[in-house]
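Let me begin by presenting the structure, written as structure tokens, before commenting on it.
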Number of protein chains: 2
Amino acid sequence: MVDGGIRVVFRGRYEHTLDSKGRLSIPARFRETLSGDSDGRLVITTFDDCLIAYPYQEWCILEERIAALPEFKRDTRSFLRFFYSSASDCTIDKLGRILVPQPLREYAKLEKEIIVVGVFKQFEIWSKDMWLSAEKEASKDETGNMLDRLVFD
Amino acid sequence: MVDGGIRVVFRGRYEHTLDSKGRLSIPARFRETLSGDSDGRLVITTFDDCLIAYPYQEWCILEERIAALPEFKRDTRSFLRFFYSSASDCTIDKLGRILVPQPLREYAKLEKEIIVVGVFKQFEIWSKDMWLSAEKEASKDETGNMLDRLVFD
DNA sequence: ACGAAATACCACTTCATCCCACTTTTGAGT
DNA sequence: ACTCAAAAGTGGGATGAAGTGGTATTTCGT
């Protein structure tokens with residue numbers, strides 16, 4: 001469980017399926033990670049044509065920053081409104097699945113074939129089709145350069 | 001119930017309907033949040049072409065902040081006048097609904113299709129049409145930048 | 001006392017949740 | 001590499017809760 005590094009980290013890509021009721025099983029590796037801190041609770045939100053799943057603890061860190069924003073400023077309110085509007089609480093059931101709320105399914109165009117990707121402190125949920133095309137896009141861009149900068153600067 | 005994070009938080013977007021008598025059911029998730037502190041009591045007011053619903057406790061906190069404002073400044077007074085004049089107490093009935101007072105319905109142009117949105121410590125009530133157009137407006141703005149700043153600064 | 005509106009009460013439909021069964025994959029042990 | 005056991009992932013039925021619509025009763029202002 002404790003491994004010397006940063007504690008809550010998700011890695012890897014998994015192909016799962018969304019069942020007829022909109023349920024998605026969370027990769028077992030991810031469940032282990034989640035059970036410690038956030039005890040099976042996730043906050044899922046929309047971003048970049050996919051869904052981002054935050055362990056509850058991680059989400060709370062974000063929320064503390066949000067709490068400091070000036071409440072009645074116009075752009076704050078508009079930001080909060082749309083950011084929160086897609087943020088949904090999800091709990092993992094006894095068999096390790098979540099029910100993906102309908103509006104989120106629609107946003108990310110989830111149908112049957114799903115890709116679940118660990119991305120550092122969160123993980124992402126993609127429709128397979130969208131994932132493939134995003135992958136294609138990324139290979140055109142100079143993603144490599146980003147790595148160069150990170151490692152060698 | 002107690003979870004280490006900020007206690008009273010509303011999240012997510014729900015599509016509900018206003019019935020012929022002007023009643024609106026509050027999403028069950030929100031009711032749970034409300035039952036703890038404010039015990040089913042809300043204060044609803046008008047803002048940004050929608051209605052803002054405050055749990056009674058949160059409203060009280062707001063009032064304390066208002067008490068600290070310079071009382072006779074012109075724009076303070078006009079803001080307060082607007083804000084208070086439409087502030088209505090609402091209680092949630094046995095089936096989890098509120099009756100939205102008529103003047104408020106008119107202000108927010110509520111007809112049948114309603115969007116209820118959790119926005120941190122309050123939630124908002126929108127007519128679906130107004131919500132959609134607000135959404136369109138916001139996507140033009142640089143809402144994404146706000147997120148960047150929150151996460152990376 | 002009357003009409004309008006708010007509240008309480010009840011019935012129906014839909015959907016989330018719970019529970020169990022089945023198949024596939026993984027991994028340990030020989 | 002093969003076998004077996006355990007775990008992971010998938011599917012579906014049953015149950016209960018959530019949301020919606022309507023009728024009856026009460027309250028309020030006039």
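Owing to the predicted nature of the structure, the values given are computational and were not obtained by experimental measurement. Both backbone and side-chain heavy atoms feed into the values below; hydrogens, waters and symmetry mates do not.
Taking a 6.0 Å sphere around OH of B:Y56, one finds it holds 12 or fewer heavy atoms contributed by other residues, nucleotides or ligands. Atom CD of B:E111 has 12 or fewer neighbouring heavy atoms from other residues, nucleotides or ligands inside a 6.0 Å radius.
For the OP1/OP2 pair of D:dA18 and a distance below 4.0 Å, the side-chain nitrogens and oxygens of B:K94 include no atom meeting the criterion. Put simply, B:S25 has no side-chain N or O that comes within less than 4.0 Å of OP1 or OP2 on D:dG21.
Annotation for B:C50 and B:I125: closest pair CB-O, 3.3 Å, computed over non-hydrogen atoms. Shortest non-hydrogen contact noted between B:R29 and A:D89 is NH1-O, 3.2 Å.
The interatomic distance linking A:K112 (NZ) with D:dT10 (P) rounds to 8 Å, in whole Å. Protein atom CG of B:D93 is 17 Å distant from nucleotide atom P of D:dT27, rounded to whole Å. In this structure, the CZ atom of B:R31 is 7 Å from the C1' atom of D:dA18, given to the nearest Å. To the nearest angstrom, P of D:dA8 lies 14 Å from CZ of A:F30. Separating the CG atom of B:D19 from the P atom of D:dA18 is a distance of 18 Å, rounded to the nearest angstrom. Straight-line distance from the CG atom of A:L99 to the C1' atom of D:dG11: 15 Å, rounded to whole Å. Residue A:E113 contributes atom CD, which lies 15 Å from atom C1' of D:dG9 at whole-angstrom precision. Protein atom CD1 of A:I114 is 14 Å distant from nucleotide atom P of D:dG9, rounded to whole Å.
Using a 4.0 Å heavy-atom cutoff across all strands shown, B:L24 reaches no nucleic acid atom at all. When heavy atoms are screened at a 4.0 angstrom cut-off, A:I26 is found touching the sugar-phosphate backbone but no base atom.
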Please list, one pair per line, the donor and acceptor atoms closer than 3.5 Å that link side chains of residues 98-110 of chain B to other protein atoms, with sequence neighbours excluded.
residue: B:R105; atom: NE; partner: B:V100; partner atom: O; Å: 2.7
residue: B:R105; atom: NH2; partner: B:V100; partner atom: O; Å: 3.0
residue: B:Y107; atom: OH; partner: B:D49; partner atom: N; Å: 3.2

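Using a 4.0 Å cut-off between charged nitrogen and carboxylate oxygen, A:R77 and B:E124 count as a salt-bridge pair. Comment: A:K128 does not engage A:E135 in a salt bridge, judged by the lack of any side-chain N to carboxylate O separation of less than 4.0 angstrom.
From one end of the helix from C:dA1-D:dT30 to C:dT30-D:dA1 to the other, with five pairs defining each end axis, the axis direction shifts by 40° (rounded to 10°).
A donor-acceptor contact under 3.5 Å links the side chain of B:R97 to the base of D:dG21. With hydrogens and angles ignored, no donor-acceptor pair closer than 3.5 Å exists between the side chain of A:R23 and the base of D:dG9.
Between chain B and DNA chain C, the heavy-atom contact criterion of under 4.0 Å yields a 5' to 3' nucleotide range of C:dA6 to C:dT17.
The backbone N or O of B:L95 lies less than 3.5 Å from a partner atom in the side chain of B:D93, making a donor-acceptor pair. For B:T45 (side chain) and B:F83 (main-chain N/O), a donor-acceptor pair under 3.5 Å exists by modelled atom type.
The side chain of B:H16 has D:dG19 as its nearest neighbour among D:dA24, D:dG9, D:dG19.
No close placement of the B:F10 and A:Y84 rings is indicated, their centers lying 6.0 Å or farther apart.
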